[in-house]
Amino acid sequence: MTTPNKIYNESEFPKPQIKWKLSKDEVWNQCFESLPETEKVHKKIKLNKFWKVAMVASVAVLIGFTFFANLYTTKVVCPIADKMVAQLPDGSTVNLNADSYIEFKPYWWFVEREVKMNGEAFFKVKKGAKFQVQTPQGTVEVLGTSFNVWARKKNFKVACITGKVRVNSHKQTLVLHPKQTVSLKAKKLKRSSIKNENASIGWIKNKFEFTNKPLKHVLEEIERQYGVKINNKSIGRKFYSGNFSSTLALDSVLKLISTPMEIKIVKSEKKSYYIVKKK
Amino acid sequence: MTKQEFKIIFDQYFDSIRNFVYYKSSDKELASDVAQEVFMKIWENRNHYHNTNIKSLLYKMANENFISKYRKIKSEQKYQNQYEFDYSHSTTEQDVNYKELEKKYQLALSEMNPNNSEVFLMSRVEDLKYAEIADRLQLSIKAVEKRMKNALEFLRTKLKD
């Protein structure tokens, strides 16, 4: 034993000793010798921490994505004097008439197929899970079908072209089969058969057909298709039967309409017209 | 850390740690328990010590473990015969009454400020240099010297007749 480098002379005091029951080596053999040294243990500890973090992270991501997917909405707007076709994530398509829009959640589509709409749209729905269209006045439920929905202001009309469709409105519900249509009359759903398919869905091909429709209604459609304003549409309670193609020039269409209705449609400013009774 | 590396640390410091707790408690069972627990903890966390000063960590852990176990030490049992003595290297005179000296010595050690007695015992029992004590207890060398000085002065006072 080397002499320690000490400043003070401690050796004037006797050296204390401690007598232990077990020596260091005995303690080792009893407690530590048998400890397993496995790479596995080492890895397990490391993995646990990693997996814990990974799990928490992926749960957080999952929750975050779910929130996002359920909130992120796509809106497709078809302006006045326009027509468009929208694609839905599963391949279903929606034709939009002028002044209409649809809203849906693209990332939530495979959980729920739900579309909000206003205006007029023709739906071609791919077979699959429940497909729902929501409008202010009612909802339409589908299973692999094509149907036309009219939801403007307080009006709500559904025409079923193929497949089957369930229509709900004001606590009423009914199922439409092909060639059937339903509309709201004083808040009641009234079913009838489609007499003229072109009247319901001709707009997709730019064909507008009317059978005994109030002139106001016809003029409103012209307004939408051509982006013009026609004033005092309510002149007279005229009913119009006829058709026109929106590919025609506005003047031609106005002439077509006004002749049988005995009115004159006069231009006041650019894109603004008013009606004058003939006679 | 491999088991081999762990054994090296065990062989090097187990006795010191066990002694250290004994200096503080004069309780052999407690000292053994604490020492074993401290080394077991080191083993369990063996993969987390990369740049650690294991030596001073051992002392720190032993101190904390001791404190948590032994809030109040019963004074009576404590300082009775806690040390045997080896007189072969001491420079005291041969014709001393050993029994009486022992009693005075034990008493003096028990009455001494624990900070000072700790340093004194580490030096006297384990023959550690001041620099080494400083490293283990994470003190400055000057602090160690001061405590040693105080310890010796205290002993001299207590043991003079």
Side-chain angles (χ1 to χ4, degrees), chain A residues 1-70, chain B residues 1-4 6-7 10-11 13-15 18-19 22-23 26 28-29 31-32 35-36 39-40 43-48 82-92 96 98 101-102 105-106 108-109 120-121 123-132 145 148-149 151-153 155-156 159:
Chain A
M1 219 176 3
T2 53
T3 324
N5 181 10
K6 307 229 164 122
I7 302 177
Y8 306 103
N9 190 14
E10 296 119 54
S11 48
E12 69 189 84
F13 298 107
K15 190 187 179 91
Q17 284 177 333
I18 312 167
K19 296 234 158 84
W20 296 101
K21 224 194 315 187
L22 293 175
S23 74
K24 177 191 70 181
D25 292 322
E26 282 167 334
V27 172
W28 174 266
N29 288 328
Q30 261 189 30
C31 306
F32 296 90
E33 176 60 42
S34 52
L35 286 175
E37 179 181 27
T38 31
E39 272 308 299
K40 224 202 277 177
V41 177
H42 162 89
K43 268 222 177 109
K44 213 183 183 185
I45 294 171
K46 243 196 170 169
L47 271 178
N48 267 340
K49 205 172 186 189
F50 170 76
W51 285 119
K52 238 185 180 178
V53 174
M55 240 177 58
V56 175
S58 39
V59 169
V61 169
L62 214 66
I63 292 177
F65 180 75
T66 305
F67 256 101
F68 167 77
N70 201 15
Chain B
M1 196 195 293
T2 65
K3 193 165 180 190
Q4 213 172 0
F6 176 72
K7 182 154 204 294
F10 182 90
D11 285 337
Y13 298 114
F14 181 79
D15 283 328
R18 192 165 53 165
N19 288 351
Y22 189 70
Y23 302 153
S26 302
K28 286 186 182 163
E29 252 185 64
S32 296
Q36 281 171 42
F39 278 91
M40 192 55 87
W43 169 254
E44 281 165 6
N45 293 316
R46 63 189 178 284
N47 297 309
H48 300 161
Q82 76 249 54
Y83 296 107
E84 276 74 34
F85 291 100
D86 171 18
Y87 292 90
S88 50
H89 297 286
S90 87
T91 58
T92 49
V96 156
Y98 289 160
L101 180 69
E102 259 181 49
Y105 198 3
Q106 306 265 25
L109 284 172
F120 172 80
L121 288 164
S123 163
R124 199 74 190 97
V125 174
E126 297 170 62
D127 294 312
L128 298 175
K129 297 188 187 183
Y130 295 169
E132 182 59 30
E145 286 172 3
M148 184 59 78
K149 181 166 177 242
L152 292 172
E153 277 174 11
L155 281 173
R156 284 183 199 122
L159 262 51

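Side chains included, hydrogens not; waters and symmetry mates left out as well; all remaining heavy atoms used.
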- Message: Would the distance check show the side chain of A:K21 and the main-chain N or O of B:E29 forming a donor-acceptor pair, the cut-off being under 3.5 Å?
- Response: no
- Task: With rounding to the nearest 0.5 Å, note down the distance linking CZ in B:R18 to CG in A:L22.
- Result: 7.0 Å
- Item | Non-neighbouring partners of B:K3 that pass salt bridge (charged side-chain N to carboxylate O under 4.0 Å, His left out), sequence neighbours left out | none
- Aromatic contact, A:W28 with B:F10 (centres under 6.0 Å): yes
- Which residues share a salt bridge (charged side-chain N to carboxylate O under 4.0 Å, His left out) with B:D11, sequence neighbours left out: A:K24, B:K7
- Query: So, for A:W20 and B:A31, which heavy atoms are closest and what is the spacing to 0.1 Å?
  - Reply: CH2-CB, 3.6 Å
- Using non-hydrogen atoms only, which part of B:F120 is less than 4.5 Å away from chain A: side chain, backbone, both, or neither? side chain
- For B:Q4, does the CD atom sit with more than 12 other heavy atoms under 6.0 Å from it, leaving out its own atoms? no
- Side chain / backbone / both / neither for B:F14 at chain A, heavy atoms under 4.5 Å: side chain
- Distance, nearest 0.5 Å, that separates CG of A:L35 from CE of B:M40: 5.0 Å
- Between atom CZ of A:F13 and atom CZ of B:R124, what is the distance when rounded to the nearest 0.5 Å? 9.5 Å
- Query: According to the interplanar angle, ranging from 0 to 90°, do the rings of B:F39 and A:F32 count as parallel (below 30°), tilted (30 to 60°) or perpendicular (above 60°)?
  - Reply: perpendicular
- Message: Minimum heavy-atom separation for B:V125 and A:P16, please, with both atom names.
- Response: CG2-O, 3.6 Å
